[in-house]
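Scroll down for the structure; my scribbles are underneath it.
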Amino acid sequence: SAADSVSLVPVPYITLRTRYEWVPSDGDMRFQVRHARLGITGNICPIVDYKMEADLCDRGKMRFLDLWGRVALGSSLKVQLGNMRIPFAIGSHVAPHNYIFADRPVTDKQVGSPRNVGVKLIYATPGFPMTIEGGLFNSFSNTDQTRWQKRMAAAAKARINVSNVEFVISCESLVPDTTRMNSFSAGAVWKSGRWNVEGEYVYRHYTHKRADAAHAYEVSANYTMPVKAGVFNWLSFQGRFDGITDHSDGTGAVNGHLPVTDPAFNRITAGSTITYQHSKFRTDFRLNYEHYFHHHDVVVPDEARSKVVAELVVHV
């Protein structure tokens, strides 16, 4: 049968993202190893698979990422237990070596889904191109797994494919501290020929009115064409507009009110990427310029300054 033909040989992989950043307005610059991910996936039998992934250098720190096992309970249903991305928004199912820009959109980075330990069900609808994921997770940080809790985090996401468009609808409820945050997202990805266009909107509500609701949004386009430039065989051009209103990460409430951790901004990103792609091997050299727009009375955070980013991505 098809199930019995599943390979039991583990598949290792490496993703390396290194970069140089320059802030023209201040002359500040730095080098970073943004990701040095080492992972392995495989099956131990036809119905059981697993994934283990660690980031050996995330801006100088080591992090454990995906550490889970999964069991197929039939042809359409799977249960997954362990440490994983909570299923919410488009970004939670996009791997770093498939990022189009050097920096993630705000719908993923600021209000997207964290990783945590929990259980997730995955259901592929028979006869209809839809996949539904949903689960329960620890509320506190995944580095604090000995702590008992009375309130859990939860999330659910549906991905529906219609022709060359994928619609993504999801909801998420997190309790990073003493305040529960409920988020809802809707987005779509359109792929046609050389074009890849996506857009997404996220609404985040804070219980007990401890902060104003936050809104995040992004729309982006990527155009790819074949080239012959040494070993490189693809060239692409990207553009994106994204932004967020005043946002809190849900921690550090003072007198019942949450502080703003991300002041409102809008951003325009433009760039180009030249790629070597062969089978599963991929190398990207990317150049991006990110221009931020802030309110005049905002103290601009260091990470939200307009900058040039040159990045090398290697995936094996």
Side-chain angles (χ1 to χ4, degrees), residues 55 58-59 61-68 80-93 104-121 133-157 169-187 200-218 242-265 294-295 297-304:
D55 203 325
D58 179 351
R59 291 164 290 187
K61 297 180 180 179
M62 182 175 179
R63 298 174 58 213
F64 292 101
L65 303 174
D66 290 333
L67 303 165
W68 51 256
Q80 182 172 313
L81 294 96
N83 196 77
M84 68 193 84
R85 280 289 295 267
I86 293 176
F88 177 76
I90 293 174
S92 66
H93 61 263
R104 292 177 293 161
V106 298
T107 51
D108 185 31
K109 188 173 183 179
Q110 272 80 8
V111 293
S113 59
R115 279 183 167 84
N116 221 319
V117 183
V119 58
K120 179 175 74 172
L121 293 176
E133 305 174 60
L136 293 174
F137 306 86
N138 285 349
S139 295
F140 302 111
S141 169
N142 60 354
T143 61
D144 184 8
Q145 299 179 21
T146 62
R147 190 171 178 177
W148 296 98
Q149 53 211 279
K150 296 185 182 298
R151 298 181 297 175
M152 306 295 287
K157 177 166 73 172
I169 302 171
S170 58
C171 58
E172 175 185 70
S173 184
L174 305 177
V175 197
D177 194 355
T178 59
T179 302
R180 183 173 289 277
M181 308 182 302
N182 299 313
S183 302
F184 306 89
S185 80
E200 186 170 30
Y201 166 76
V202 178
Y203 170 81
R204 172 165 284 178
H205 169 263
Y206 303 87
T207 57
H208 308 298
K209 298 182 179 180
R210 291 179 176 167
D212 292 336
H215 306 265
Y217 38 86
E218 71 99 2
D242 63 349
I244 190 171
T245 60
D246 285 345
H247 165 253
S248 172
D249 64 6
T251 63
V254 178
N255 297 324
H257 296 281
L258 290 166
V260 173
T261 52
D262 295 296
F265 68 83
H294 301 274
H295 295 304
D297 56 347
V298 168
V299 177
V300 179
D302 281 349
E303 295 302 310

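Along the sequence shown, the residues carry numbers beginning at 1.
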Side-chain donor or acceptor of [X] paired with backbone N/O of [Y] under 3.5 Å:
X: Ser170; Y: Ala89; value: yes
X: Ser173; Y: Ala153; value: no
X: Asp212; Y: Asp246; value: no
X: Thr207; Y: Arg180; value: yes
X: Asp242; Y: Tyr217; value: no
X: Lys120; Y: Ile86; value: no
X: Glu200; Y: Thr107; value: no

Heavy-atom pair with the smallest gap, counting every atom of [X] and [Y]:
X: Asn138; Y: Asn116; answer: O-ND2, 3.0 Å
X: Gly118; Y: Phe137; answer: CA-CD2, 3.7 Å
X: Ala213; Y: Thr245; answer: O-OG1, 4.0 Å

* Derivation and outcome, side-chain contact (heavy atoms from CB on, under 4.5 Å), residues Ser248 and Tyr206 -> CA-CA 9 Å; Ser248 172; Tyr206 303 87; 3.9 Å; yes
* Asked: Among Gln80, Glu172, Glu133, which one satisfies side chain to side chain contact (heavy atoms under 4.5 Å, CB included) with Pro87?
  ->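 By the side chain to side chain contact (heavy atoms under 4.5 Å, CB included) criterion, Pro87 pairs with just one of Gln80, Glu172, Glu133: Glu133.
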Value rounded to 0.5 Å, distance of [atom1] in [X] from [atom2] in [Y]:
X: Lys209; Y: Leu258; atom1: NZ; atom2: CG; value: 15.0 Å
X: Arg151; Y: Gln149; atom1: CZ; atom2: CD; value: 10.0 Å
X: Met152; Y: Leu174; atom1: CE; atom2: CG; value: 12.0 Å
X: Phe88; Y: Ser185; atom1: CZ; atom2: OG; value: 4.0 Å

* **Among Asp55, Asp58, Asn142, side chain to side chain donor-acceptor pair (under 3.5 Å) partner for Arg63** =>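 The side chain to side chain donor-acceptor pair (under 3.5 Å) with Arg63 is passed solely by Asp58 among Asp55, Asp58, Asn142.
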* Under the side-chain hydrogen bond (donor to acceptor under 3.5 Å, both in side chains) test, residues paired with Arg85 that sit two or more places apart ->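 Partners of Arg85 by the side-chain hydrogen bond (donor to acceptor under 3.5 Å, both in side chains) criterion, ordered by chain and then number, come out as Asp108, Ser113.
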* Could you tell me whether the side chains of Thr179 and Arg210 share a donor-acceptor contact shorter than 3.5 Å? =>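 Thr179 vs Arg210: donor-acceptor pair found between side chains.
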* Any pair with a residue in residues 250-265 that passes side-chain hydrogen bond (donor to acceptor under 3.5 Å, both in side chains), sequence neighbours left out, goes on the list, sorted by first then second residue, please. =>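 Qualifying pairs, neighbours excluded: His247-Asp262, Asp249-Thr251.
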* To do: Look at the aromatic rings of Phe265 and His294 and report parallel, tilted or perpendicular, splitting at 30° and 60°.
  =>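 Taking His294 first and then Phe265, their aromatic rings sit tilted (interplane angle of 30° to 60°).
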